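Notes for the one structure printed next.
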Amino acid sequence: MVFAPPLNNDDLRRWRSCERRFWLARRQLQRGVAAAAPAPIPEAAELAPGAGLDVALRASFPHADTVAAPQSPAQWLQAVRHTLNCLDSDAEPPEGWAILGACLTSEDRAQVRIDVLTAGEHGLRLFKLRYATVGDEADVDTVALWTHVVARCGFAVQSVGLLLVDTDFVYPGHGCYAGLFREVDLGPVLGSRPVAEWLDAMRQCERGSEPAATPGAHCHEGGGCEFAASCKACVVPAAAEHAENSLDILGREAAAEWRAAGHQDVMSLRPEDIAPPRQRRAVRAVQQGAPLLEPEVGALARAWPYPRHCLRFDTIGLAVPIWPGTRPYQTLPFQWSCAVQTADGAWSDHHFLAEAQGGDPRRAFALSLLGVLGDSGAVLAYNAGFERNRIRELAQWFDDLAPALDALLPRIVDLFQIARTHCYHPVMAGSWSFRSMARAVAPGLDMDIVLDPALDAGAGRSARAVFALMQKPGQSTTVRAACRAALQAHGQRETAVLRQLLALFEQAGAVS
């Protein structure tokens, strides 16, 4: 008789979202095909590149014993033995003792790897570690399964919970991360998780015929179901073929009203029947199949004083802070990019990018920014509230720079607000994001950050993820150089979009 592999947390997550997904994954395992792990619960994109996650966790558990993650049945057996050896001691465990990655298999063939298992006065304490500020329902399911397995293995459980990042924690430096995590007790909610019944139902499902799919948001969230492409009940949604013509470009409420009136898309609307100017402008642009630019924006743009500065910031919010005096998820600027136009029409590019592992970059960021922006000329940004807030924060951090930084604020022009008031391009499809605007004014410009996969650095990363990669301890010089080049190119692409937008505005209403 061939036994199916033990059930684990990945199985539970699949089964809870869709029985067909669970069934197909288990069939793969029975055929000897490694099932793709379900998409992980979203964590912070930037965790702790400088200090390392292990350093932060060991600050709370300095006497922890780590069990290596098993990759095969034989390694699982070794990991379980390692865990049991750690637990099989009559000696009083020292303060700060824990097992990180404890592995156990219960007699009902459920298998778990527990993030943190430590000792209390009356039994074991189990914690799921999240580099996040809140947990979710999937976390509760996971901890419920852990508790079931630990209890079935004959151990008393004193408490269960989450370890979440405490945003009030201020990093003092020198690798001192004690106090970074706060405990959240999950004991009161575990009663709603009948794990034993779930395991029975999962085994019955596995032995039965292929279940029907249960389509829903879970099919596409968090990376999506690995079997969605072959699922007739849940086809991965393609981009709408006529998104530019959709009533949704007018907003949810307006779209519902026009649909209720019998309209299918904006092509059947009469612009004169639409009261809000922005909606009317969008309909006119779509119906004429060309961008629409109100002529008065030209005079407004041509009046902006020189030198003109097209400015973009990049920031990072680390779950585990790496610079003294900073908090988890605090928004910290690490790069600015600026294209400067003088009165003769000439352009020059300027940028600042923090050094890899070079310490807190904020003061250098502020000083270099002031050096380029000077004390005159318009500062053009898109969704400029972001840049304004970062400048205000810099002024709060550095009293001696505050007067010069505060003087920048009145010079900032928000191109986002001007674009919303004066123009529309059909390719925007109702979105005013920076990427949508880039598609409109710089269609040939690829806004993705791509690193050479040969560097083991991935592709299509966000700017903050690439910067985090630079900060990784022991990172190679080659990867760091590639990250730096990619980030600088990213900044130049973004300021190029602002330059194109400025040029578009200036052309409006111009007399040839």
Side-chain angles (χ1 to χ4, degrees), residues 291 293 297-315 333-354 365-392 394 404-405 407-423 425 428 431-449 462-464 485-508 510:
L293 189 65
V297 73
L300 181 66
R302 291 189 289 271
W304 292 330
Y306 293 93
R308 295 166 172 176
H309 309 82
C310 293
L311 182 66
R312 290 288 287 181
F313 285 178
D314 286 301
T315 61
F334 66 84
Q335 174 173 262
W336 59 255
S337 306
C338 187
V340 180
Q341 184 188 35
T342 52
D344 61 0
W347 284 94
S348 59
D349 290 317
H350 307 264
H351 69 271
F352 167 87
L353 176 58
F365 182 102
L367 286 169
S368 58
L369 181 68
L370 289 170
V372 168
L373 297 186
D375 55 9
S376 63
V379 179
L380 310 177
Y382 196 83
N383 242 336
F386 181 78
E387 279 76 13
R388 285 194 185 101
N389 287 337
R390 304 293 79 78
I391 291 172
R392 290 189 183 103
L394 289 168
L405 290 167
L408 297 175
L409 300 176
R411 296 165 51 193
I412 296 177
V413 178
D414 192 349
L415 298 183
F416 166 76
Q417 296 296 341
I418 293 172
R420 277 171 59 91
T421 305
H422 295 284
C423 73
H425 194 298
M428 294 164 60
S431 170
W432 294 92
S433 70
F434 186 78
R435 278 182 172 265
S436 296
M437 186 56 66
R439 287 195 300 270
V441 302
L445 202 59
D446 186 356
M447 300 304 293
D448 288 329
I449 301 179
S462 66
R464 56 182 178 265
L487 285 170
Q488 291 174 349
H490 159 75
Q492 289 179 340
R493 287 194 299 270
E494 292 208 320
T495 55
V497 172
L498 297 181
R499 288 177 54 174
Q500 290 294 104
L501 190 56
L502 170 61
L504 178 68
F505 288 166
E506 285 188 296
Q507 294 167 8

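Note that the structure is a prediction, hence the values are computed from the model and not measured.
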Got a second to check how far M428's CE is from M437's CE, nearest 0.5 Å? 4.0 Å
Less than 4.0 Å between a side-chain N and a carboxylate O, is that true for R435 and D448? yes
How close do W347 and A339 get, counting heavy atoms only, and between which atoms? CZ3-O, 3.5 Å
Which is it for Q500 and L445 under the side-chain contact (heavy atoms from CB on, under 4.5 Å) test, yes or no, and what are the steps along the way? CA-CA 11 Å; Q500 290 294 104; L445 202 59; over 6 Å; no
Can you give me the closest heavy-atom contact between E494 and D314, atom names plus distance? OE1-OD1, 4.4 Å
Does NZ or CZ of R312 come closer than 6.0 Å to the centre of the six-membered ring of F434, within 45° of the ring's axis? yes
Quick check: do I391 and R388 have side-chain heavy atoms less than 4.5 Å from each other? no
Can you name the one residue among W336, F386, F365 that meets ring pair (Phe, Tyr, Trp, His ring centres under 6.0 Å) with F313? F365
Between R308 and V413, is there a side-chain heavy-atom distance shorter than 4.5 Å? no
Can a donor-acceptor pair be found, under 3.5 Å and without considering hydrogens, that links the side chain of D414 to the backbone of A384? yes
Are the side chain of R464 and the backbone of T315 linked by a donor-acceptor contact shorter than 3.5 Å? no
Worked check of side-chain contact (heavy atoms from CB on, under 4.5 Å) between T495 and H351: CA-CA 10 Å; T495 55; H351 69 271; over 6 Å; no
For the residue pair R411 and L373, what are the closest heavy atoms and their distance? NH2-O, 2.7 Å
Can you find a heavy atom in the side chain of E387 that is under 4.5 Å from one in the side chain of V379? no
For a side chain to side chain contact (heavy atoms under 4.5 Å, CB included) with L498, tell me which candidate from L311, V441, L415 qualifies. L415
Smallest heavy-atom separation, C423 atom then L293 atom, equals CB-CD1, 3.3 Å
Between Q335 and Q488, which heavy-atom pair has the shortest distance, and what is it? OE1-N, 3.8 Å
